[in-house]
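See below for the structure under consideration.
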Amino acid sequence: ATSPYLLGGLDPATTYGVQAQSDCDSEGLSSWCSPVIFTTGVPTKIKITPSAADEMTWAEFAGYVNDGYSYSGKTVTLMENIVSGVTDIVGTYASPIRYFSGTFDGGGHTLTVNISSLSPDAAVDNNEYKGVAPFRNIRNATIKDLVVTGSVTGNQHPTAGFVGFC
């Protein structure tokens, strides 16, 4: 292969190790070089239909945070109005607790939500159904220039229209 070599098909927010060796023709292969360790980035722009590597849907954004990527030190930008009524919640309150810790810039756009998280037994205290909001759990986060419309329904305290816990 020629230098540089582009690796494709890598997952976001994942650590990889790469090693290489040379084909020295009749002399055979060289020894493997020392591994190079790197971590791939994550998308930071939210669109209804992503078309570039740095773009994702709201559901994908929620998935990254809920899988443990906090976006600390990063800015996530809403690139357009989302009017379809998102149902995914960013952050978790049940174990393991996951936070959004970056900056969210709504860019003056509207996020329409249709979030419902109803505990099967409202009398039983269950963290999985608490903090129902577009952002369930944030820590050291900034959320700015965002309009939120729609509905949020829950039967465990607290239920909020914007942030459940901070």
Side-chain angles (χ1 to χ4, degrees), residues 8-17 37-166:
L10 303 178
D11 292 323
T14 303
T15 300
Y16 292 94
I37 308 296
F38 65 96
T39 301
T40 54
V42 293
T44 57
K45 297 176 183 171
I46 298 175
K47 293 186 82 176
I48 296 169
T49 306
S51 59
D54 65 343
E55 297 173 349
M56 64 188 152
T57 64
W58 179 268
E60 290 168 325
F61 169 55
Y64 289 132
V65 174
N66 297 349
D67 285 342
Y69 191 82
S70 71
Y71 282 87
S72 180
K74 305 261 187 224
T75 298
V76 176
T77 305
L78 184 60
M79 302 300 293
E80 58 192 345
N81 294 330
I82 299 180
V83 296
S84 61
V86 299
T87 58
D88 298 281
I89 298 173
V90 176
T92 64
Y93 191 66
S95 183
I97 295 175
R98 306 289 194 193
Y99 304 92
F100 173 72
S101 297
T103 297
F104 188 92
D105 184 352
H109 296 294
T110 298
L111 177 67
T112 303
V113 299
N114 184 17
I115 297 172
S116 180
S117 185
L118 299 173
S119 173
D121 186 350
V124 175
D125 193 33
N126 186 335
N127 286 344
E128 185 177 337
Y129 297 98
K130 292 182 178 179
V132 179
F135 289 88
R136 175 172 281 167
N137 218 341
I138 65 171
R139 177 175 285 169
N140 300 320
T142 299
I143 301 172
K144 63 182 184 178
D145 207 13
L146 176 65
V147 177
V148 178
T149 65
S151 66
V152 177
T153 307
N155 60 0
Q156 296 271 320
H157 177 75
T159 297
F162 190 57
V163 173
F165 296 102
C166 53

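One-based numbering along the sequence shown.
- Here the straight-line distance linking atom CG of Asp54 with atom CD1 of Ile46 works out to 12.0 Å at 0.5 Å rounding.
- Atom CG of Leu146 and atom CG of Asp105 lie 9.0 Å apart (nearest 0.5 Å).
- At distances below 3.5 Å, at least one donor-acceptor pair connects side-chain atoms of Asn126 with backbone N or O atoms of Glu128.
- Taking OG1 of Thr103 as the reference point, atom CD1 of Ile143 lies at 9.5 Å (rounded to 0.5 Å).
- Remark: side-chain polar atoms of His109 are not paired, donor with acceptor, to backbone N or O of Ile82 under 3.5 angstrom.
- Atom CZ of Phe61 is separated from atom CG of Leu78 by 10.0 Å, given to the nearest 0.5 angstrom.
- Thr77 has its side chain out of reach of Thr44: every pair of non-hydrogen atoms, C-beta onward, lies at least 4.5 Å apart.
- For Thr87, the side chain to side chain contact (heavy atoms under 4.5 Å, CB included) test picks out no residue, with sequence neighbours left out.
- Between Asp11 and Tyr16, some side-chain heavy-atom pair lies under the 4.5 Å cut-off.
- The heavy-atom pair separating Ala133 from Gly164 by the smallest distance is CB-N, 3.5 Å.
- Nearest heavy-atom pair, Pro134 versus Gly161, reported as atom, atom and distance to 0.1 Å: CD-O, 3.4 Å.
- Minimum interatomic distance between Phe135 and Ile138 (heavy atoms only, all atoms of both residues): CB-CG2, 3.9 Å.
- With rounding to the nearest 0.5 Å, the separation of CD in Glu55 from OG1 in Thr49 is 9.5 Å.
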Atom pairs and distances, side-chain donor-acceptor, residues 89-99, under 3.5 Å, sequence neighbours left out:
from  : atom 1 : to     : atom 2 : distance (Å)
Thr92 : OG1    : Pro96  : O      : 2.7
Thr92 : OG1    : Arg98  : N      : 2.8
Tyr99 : OH     : Arg139 : NH2    : 2.7

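- For Lys45, the NZ atom is loosely surrounded, since the number of other residues' heavy atoms within 6.0 Å does not exceed 12.
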- Message: Walk me through whether Asn66 and Arg136 qualify under side-chain contact (heavy atoms from CB on, under 4.5 Å).
- Response: CA-CA 10 Å; Asn66 297 349; Arg136 175 172 281 167; over 6 Å; no
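- Aromatic pair Phe104/Tyr71: centroids not less than 6.0 angstrom apart.
- Closest approach of Pro43 and Pro12 over heavy atoms only: CD-CB, 4.1 Å.
- Under the side chain to side chain contact (heavy atoms under 4.5 Å, CB included) criterion, Ala13 pairs with Val42, Tyr69, not counting sequence neighbours.
- Looking only at distances, no side-chain donor or acceptor of Asn155 sits under 3.5 Å from a matching main-chain atom of Leu118.
- When the shell of 6.0 Å around CG of Asn140 is examined, it contains 12 or fewer heavy atoms from other residues, nucleotides or ligands.
- Here the shortest heavy-atom pairing between Thr15 and Thr39 reads OG1-OG1, 2.8 Å.
- Of all the heavy atoms in Glu60 and Thr57, the pair that sits closest is OE1-N, 2.7 Å.
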